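Numbers here are sequence positions counted from 1. Predicted model only: the values in this text are computed from it and were never measured.
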Amino acid sequence: MSTVPWDIYAEQMLHLGYGHPLWVPDPAPTAPEVEIGDVGWINDGEFLPLFNVFRGNESQPKGAVPRDHVPLDIKGVDILGPRDKIWQSVLCSRSIRKVDVSASAGMSAVVSPQALACNVRFDFECTDDAGALLFLDPSGRAQDILSRKRIIDYIRTNFDSWLEFANDRLGLGLREEQLLFVSGTTKTRSWGVAAFRGKSRAMRGKVVGNIGSLAAVDFSMTLSDTELSVSHYRAGPAGREDRRADATSNKASDKYDQCIFIHYYKRKRRTLPMFPSVIKAAAGPHDPPRKFEDYDDDNCAIRSHAPSEDSDEIYERFPEQATVDKISDRCRS
């Protein structure tokens, strides 16, 4: 069972059904924000884009594209959003119970974006040996590609050249199931994340900080009276609290560019006897614990037309809620 915070966080927050939870929502200083149509991979809880299928050679993260790249016409796909999808200011793993919020400004136990925009103490109990929390300000805004068949056909046609670009040109050494096509994003403006795993199944903890600005220096977490390592909680985006004070930066500071969840498609090859290709709900974080890797359920498949009846290619969209529920139940057992 993984003990690194990004795997714990993804495992514990998967049940929410919003997509793959990213431990690192903020792009690197020189990197673009995560967008629908990105092709890339997840490393240590961070999505790293290689290129975007809706663009040509221009404005690409790596300044290059795969061989014979033909951009996908964005006008030919149905896109929903951006629209607000998450209104809660705090999201928790199923193990978090009896949460209570108090603030110096005085407020009720009802958690709201306005209430959290102040110095706050968030007390909780954990009923299992692991848990995770996400704080966001002010909301989560989602955007999704709905044209599944068109996306699947496009991936099937181009996937081999994408993998060649990642491995032969960039030298990443990715397995084919690690190369992802982002079909949905959920973003916010400011956030804080925390994840933990211990020996006890009954722990108490608290998060203290200025949740409204989510400045990393103001965000701290303790568990069972022992302060966690910095690697087990983080907040961002770095420096935005300073830019908000600058009236000339209001437009940039209000941008929803911090990606907290993604939906994606990926390809795997079936090693069992041949069946028609299916698109199935994937499960679990990058390099997940075995319970995620071993999970397989044909009852949750979304079937599509395959190039041949004996194709061993499986294209998966992560997540489908029915599969998320079953994976979460299995991981708790």
Requested in this report: List the steps, then state whether side-chain contact (heavy atoms from CB on, under 4.5 Å) holds for Val193 with Trp23.
Outcome: CA-CA 7 Å; Val193 294; Trp23 178 252; 3.7 Å; yes

Requested in this report: Could you pull out all residues at least two apart from Phe159 that satisfy ring-ring contact (aromatic ring centres under 6.0 Å, His included)?
Outcome: none

**Report entry** Inter-residue atom distance Leu172.CG - Leu48.CG, 0.5 Å rounding
**Finding:** 9.0 Å

Query - Verify same cluster id: Ile145, Leu50 (apolar side-chain graph, 4.5 Å) - result: yes

Report task. Using side chain to side chain contact (heavy atoms under 4.5 Å, CB included) as the criterion, list what pairs up with Ile74, not counting sequence neighbours. Result -> Phe54, Val77, Ile79

Query raised in the report: Residues in side-chain hydrogen bond (donor to acceptor under 3.5 Å, both in side chains) with Ser93, at least two apart?
Result: Ser95

Report summary line: What one should report as the nearest heavy-atom pair of Ile96 and Ala132 is CG1-O, 4.0 Å

Identify every side-chain donor-acceptor pair in residues 179-186 under 3.5 Å, counting partners at least two apart or on other chains, and give the distances.
none

Query raised in the report: To the nearest 0.5 Å, what is the distance between CH2 (Trp6) and CG (Asn43)?
Result: 8.5 Å

Query raised in the report: Listed by chain and number, what are the side chain to side chain contact (heavy atoms under 4.5 Å, CB included) partners of Val24, not counting sequence neighbours?
Result: Asp26, Glu46, Arg234

Query raised in the report: Under 4.5 Å between any side-chain heavy atoms of Asp44 and Val4, yes or no?
Result: no

Report task. With side-chain contact (heavy atoms from CB on, under 4.5 Å) as the test, would you mind laying out the steps for Phe261 and Leu16 before giving the verdict? Result -> CA-CA 10 Å; Phe261 296 99; Leu16 295 170; 4.3 Å; yes

Query - Full working for ring-ring contact (aromatic ring centres under 6.0 Å, His included) between His20 and Phe318 - result: CA-CA 7 Å; His20 181 99; Phe318 173 89; 5.8 Å; yes

Requested in this report: Look up atom CH2 in Trp41 and atom CD in Gln178, then write down how far apart they are to the nearest 0.5 Å.
Outcome: 7.5 Å

Query - Ile155 side chain near Trp162 side chain, heavy-atom distance below 4.5 Å - result: yes

Report summary line: Correct closest heavy-atom pair for Ser161 and Asn158 would be OG-O, 2.8 Å

Report task. Hey, could you give me the OG/CD distance between Ser139 and Gln88, rounded to the nearest 0.5 Å? Result -> 10.5 Å

Query raised in the report: For residues 27-39, which residue pairs qualify under salt bridge (Lys or Arg N to Asp or Glu O under 4.0 Å), counting only residues two or more places apart or in two chains?
Result: Glu33-Lys187, Glu33-Lys255, Glu35-Arg55

Query raised in the report: What side chain to side chain donor-acceptor pair (under 3.5 Å) pairs are there with at least one residue in residues 56-69, not counting sequence neighbours?
Result: Arg67-Glu164

Requested in this report: May I ask you to decide whether Asp153 forms a salt bridge with Arg156, counting only side-chain N to carboxylate O separations under 4.0 Å?
Outcome: yes

Query raised in the report: What distance separates Leu146 CG from Arg148 CZ, expressed to the nearest 0.5 Å?
Result: 8.5 Å

**Report entry** Where at least one partner belongs to residues 78-91, residue pairs that pass salt bridge (Lys or Arg N to Asp or Glu O under 4.0 Å), sequence neighbours excluded
**Finding:** Arg83-Asp144, Asp84-Arg141

Report summary line: Heavy atoms of Ala195 and Pro5 approach each other most closely as CB-O, 3.7 Å

Query - side-chain contact (heavy atoms from CB on, under 4.5 Å) assessment of Phe47 paired with Tyr264 - result: CA-CA 11 Å; Phe47 181 81; Tyr264 59 76; over 6 Å; no

Report summary line: Note: Pro237 and Trp191 closest approach over all heavy atoms is N-NE1, 3.9 Å

Query raised in the report: Are Ile8 and Leu134 in one and the same hydrophobic cluster, where Ile, Leu, Val, Met, Phe, Trp and Tyr link if side-chain heavy atoms are under 4.5 Å apart?
Result: no

Report summary line: On a heavy-atom basis, the closest approach of His15 and Gln12 is CD2-O, 3.2 Å

Query raised in the report: Can you name the side-chain hydrogen bond (donor to acceptor under 3.5 Å, both in side chains) partners of Asp160, sequence neighbours left out?
Result: Arg267

Query raised in the report: Mind checking what makes side chain to side chain contact (heavy atoms under 4.5 Å, CB included) contact with Val70, not counting sequence neighbours?
Result: none

